[in-house]
Asker: 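Pasting a structure below so you can have a look.
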Amino acid sequence: MLNTRAQVALAEALRHGELHAGQFLSMPQLVDILKLPLAAVREAARHASSSGWLEIIPKRGVQIMDARPGTIRDSLDMRMVLDQEGARRRILDGDELAPLGALRQAHEQMLAAARGAATPELSPNAIAVDLSLHDFLAGGLNNPLLRSCYDSNRIRIAILQRVRPFVQERILSAMEEHLAIIDAVERRDISAAVEAIAYHCERTQHWWGVPAYHRGR
């Protein structure tokens with residue numbers, strides 16, 4: 001039970017920015033943050049290391065994953081592949097697509113907000129809206145192993161997103177890209193959905209300044 005609590009606490013600390021990319025912590029520091037026993041925290045760190053969220057440095061502590069170009073590209077590429085498959089399965093399985101109405105409304109509202117004055121809440125709100133569509137697509141995977149891969153990668157994405165918060169220009173383009181994905185899924189057009197998701201990934205990689213994988217590679 002303590003091991004599970006420590007794993008959840010560590011994942012939440014990474015997701016919510018209590019621990020940030022490239023940060024080094026001794027094991028006692030990590031214990032202080034998670035407020036759980038050392039043995040459980042060590043086990044949680046081993047689990048996190050296997051997921052690629054951090055690196056264990058023997059006799060020193062841990063270092064949270066850094067936002068290296070390869071890590072950024074690979075994490076975004078993995079999300080794209082899982083998003084595409086989730087969308088494809090939702091369409092083929094005839095899933096109920098009613099939730100897309102609320103997602104569309106949230107994206108349109110965020111698009112309108114990004115066209116106005118900048119506020120401190122704009123970037124975190126945009127990230128929440130952004131993730132809502134990716135979570136919806138991953139929900140179509142209907143496979144616990146694939147979903148586990150998505151959930152693990154979602155932590156990596158969360159770590160990266162805190163390195164470079166959304167700016168208004170990127171919020172505008174990302175919301176437009178997401179609306180194109182929503183349009184395609186609502187039409188149950190698999191080819192258009194897959195293409196729109198790939199384009200969104202390419203534009204996100206471009207925004208990060210990292211080279212994209214070649215199509216068809």
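Residues: numbered from 1 along the sequence shown.
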Asker: Drop me the distance from Asp93's CG to Asn142's CG, to the nearest 0.5 angstrom.
Answerer: 6.5 Å
Asker: Has Gln23 got a side-chain atom pairing as donor or acceptor with His20's backbone, closer than 3.5 angstrom?
Answerer: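 Checking the backbone N and O of His20 against the side chain of Gln23, a donor-acceptor pair under 3.5 Å is found.
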Asker: Do Leu36 and Val31 have side-chain heavy atoms sitting under 4.5 Å apart?
Answerer: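 No, too far: nothing below the 4.5 Å cut-off.
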Asker: Would Leu137 and Ile197 count as a side-chain contact (heavy atoms from CB on, under 4.5 Å) here? Give the steps.
Answerer: CA-CA 10 Å; Leu137 295 173; Ile197 293 167; 4.1 Å; yes
Asker: Think Arg60 forms a cation-pi with Phe24, using NZ or CZ under 6.0 Å from the six-ring centre and within 45 degrees of its axis?
Answerer: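 Yes - Arg60 lies over the ring of Phe24, closer than 6.0 Å to its centre and within 45° of its axis.
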Asker: Please examine the side chains of Glu177 and Arg203, heavy atoms only from C-beta on, and report whether any two atoms are closer than 4.5 Å.
Answerer: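 Yes - at least one pair of side-chain heavy atoms lies under 4.5 Å apart.
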Asker: Any side-chain heavy-atom pair from Leu10 and Leu54 closer than 4.5 angstrom?
Answerer: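 The answer is yes, as the side chains (C-beta and beyond) meet within the 4.5 Å cut-off.
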Asker: Do Tyr150 and Asp83 have a side chain donor and acceptor closer than 3.5 Å?
Answerer: no
Asker: Using side-chain heavy atoms (C-beta onward) and a distance below 4.5 Å, is Glu176 in contact with His107?
Answerer: no
Asker: For a 4.5 angstrom cut-off between non-hydrogen side-chain atoms, does Arg147 reach Asn143?
Answerer: no
Asker: Are His47 and Ser51 packed together at the side-chain level, in the sense that at least one heavy-atom pair is separated by less than 4.5 angstrom?
Answerer: yes
Asker: Does Arg170 make a cation-pi contact with Trp208, if we ask for NZ or CZ under 6.0 Å from the ring centre and within 45° of the axis?
Answerer: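 Not satisfied by the 6.0 Å and 45° rule.
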Asker: Take Leu82 and Leu141 through the side-chain contact (heavy atoms from CB on, under 4.5 Å) test and state the conclusion after the steps.
Answerer: CA-CA 8 Å; Leu82 294 173; Leu141 292 168; 4.3 Å; yes
Asker: How long is the span from the CZ atom in Arg79 to the NE2 atom in His200, to the nearest 0.5 Å?
Answerer: 5.0 Å
Asker: Any side-chain to backbone donor/acceptor pair from Ser132 onto Val129? Under 3.5 Å, distance only.
Answerer: yes
Asker: So, are Asp74 and Arg156 salt-bridged, with charged N and O less than 4.0 Å apart?
Answerer: no
Asker: Tell me whether Ser152 contacts the main-chain N or O of Cys149 through its side chain, where contact means a donor paired with an acceptor under 3.5 Å.
Answerer: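 A pair under 3.5 Å: no.
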Asker: So do the side chains of Arg104 and Asp183 get within less than 4.5 Å of each other, counting heavy atoms only?
Answerer: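 Answer yes - side chains close enough.
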